[in-house]
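Contents: one structure, followed by commentary.
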Amino acid sequence: MTPPPGWRWPNFMPQEMACRHCGETYYWPDFMDRLQAARDQVGRPFRVLSAHRCSLHNARIGGAPRSQHLRLAVDIALHGHDARSLYRALRQTGFTGFGFYNTFIHADLGPLRRWFGNNSARKEWHNWLD
């Protein structure tokens with residue numbers, strides 16, 4: 001697929017950032033600039049598991065009622081990545097909200113916060129967080 005005119009993020013396609021349920025998009029250049037910068041810093045492809053979600057999709061999958069995914073957030077698969085390096089690149093490029101899971105990391109530009117998907121993820125990530 002070819003990105004639309006003006007799409008300036010070479011490692012991401014609009015479709016992968018859109019709602020998986022309906023294709024709704026949320027255009028946020030600052031977010032995408034930061035995501036591309038993190039990708040450039042890591043030097044490896046990002047597999048985006050979830051980005052924007054329409055409110056119906058978010059509710060159906062049990063997302064938080066005020067989820068950052070309702071605007072734009074990203075869940076990136078950890079497979080093929082050094083989790084610590086991925087987290088550091090996201091943090092250094094300005095992401096502020098982080099969810100740590102066993103198989104992926106959530107990043108957004110919402111309030112400064114972090115959480116763990118479960119106790120196993122907490123144990124796995126604890127040693128890498130500063």
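A quick note: this is a predicted structure, and the numbers were derived from the prediction, not measured. Heavy atoms only: backbone and side chains are in, while hydrogens, waters and symmetry mates are out.
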Approximate separation, where rounding is to 0.5 Å, of [X] [atom1] and [Y] [atom2]:
{"X": "R122", "Y": "N118", "atom1": "CZ", "atom2": "CG", "answer": "9.5 Å"}
{"X": "C19", "Y": "Y26", "atom1": "SG", "atom2": "OH", "answer": "14.5 Å"}
{"X": "Q41", "Y": "L86", "atom1": "CD", "atom2": "CG", "answer": "10.0 Å"}
{"X": "Y87", "Y": "R114", "atom1": "OH", "atom2": "CZ", "answer": "5.5 Å"}
{"X": "I76", "Y": "L35", "atom1": "CD1", "atom2": "CG", "answer": "5.5 Å"}
{"X": "E24", "Y": "H57", "atom1": "CD", "atom2": "NE2", "answer": "11.0 Å"}

Which pair of heavy atoms, one from [X] and one from [Y], lies closest together, and at what distance?
{"X": "N58", "Y": "A64", "answer": "ND2-O, 2.9 Å"}
{"X": "N102", "Y": "A121", "answer": "ND2-N, 3.6 Å"}
{"X": "P29", "Y": "R8", "answer": "CB-NH2, 3.5 Å"}
{"X": "F46", "Y": "F12", "answer": "CD2-CZ, 3.8 Å"}
{"X": "L78", "Y": "A83", "answer": "CD2-CB, 4.2 Å"}

Applying a strict under-4.5 Å side-chain criterion to I, L, V, M, F, W and Y, I'd like to know whether [X] and [Y] cluster together.
{"X": "Y101", "Y": "I61", "result": "no"}
{"X": "M32", "Y": "L70", "result": "no"}
{"X": "F116", "Y": "F95", "result": "yes"}
{"X": "L109", "Y": "Y27", "result": "yes"}

Give a yes or no answer on whether the side chain of [X] reaches the backbone of [Y] with a donor-acceptor pair at less than 3.5 Å.
{"X": "R39", "Y": "R44", "value": "yes"}
{"X": "S67", "Y": "G63", "value": "no"}
{"X": "T96", "Y": "G110", "value": "yes"}
{"X": "H52", "Y": "L72", "value": "no"}
{"X": "Q36", "Y": "N11", "value": "yes"}
{"X": "H81", "Y": "P45", "value": "yes"}

Between [Y] and [X], is there a side-chain heavy-atom distance shorter than 4.5 Å?
{"X": "H69", "Y": "H106", "result": "yes"}
{"X": "W125", "Y": "I105", "result": "yes"}
{"X": "T25", "Y": "M17", "result": "no"}
{"X": "W9", "Y": "F31", "result": "no"}
{"X": "R60", "Y": "C54", "result": "no"}
{"X": "F98", "Y": "R113", "result": "no"}

Practice task
Give a yes or no on whether the ring-centroid distance for H79 and F104 is below 6.0 angstrom.
Solution key: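 Between H79 and F104, the centre distance exceeds or equals 6.0 Å.
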Problem - Electrostatic pair R71-D108, nearest N-O below 4.0 angstrom - result: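 Between D108 and R71 there is no salt bridge, as every charged N stays at least 4.0 Å from the carboxylate O atoms.
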Practice task
Could you tell me whether R66 atom CZ has more than 12 heavy atoms of other residues or ligands within 6.0 Å of it?
Solution key: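 It does not: R66 CZ has 12 such atoms or fewer within range.
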Exercise for the section: Could you go through the salt bridge (Lys or Arg N to Asp or Glu O under 4.0 Å) check for D75 and R53 one step at a time? Expected result: CA-CA 12 Å; D75 296 341; R53 296 181 194 150; 3.7 Å; yes
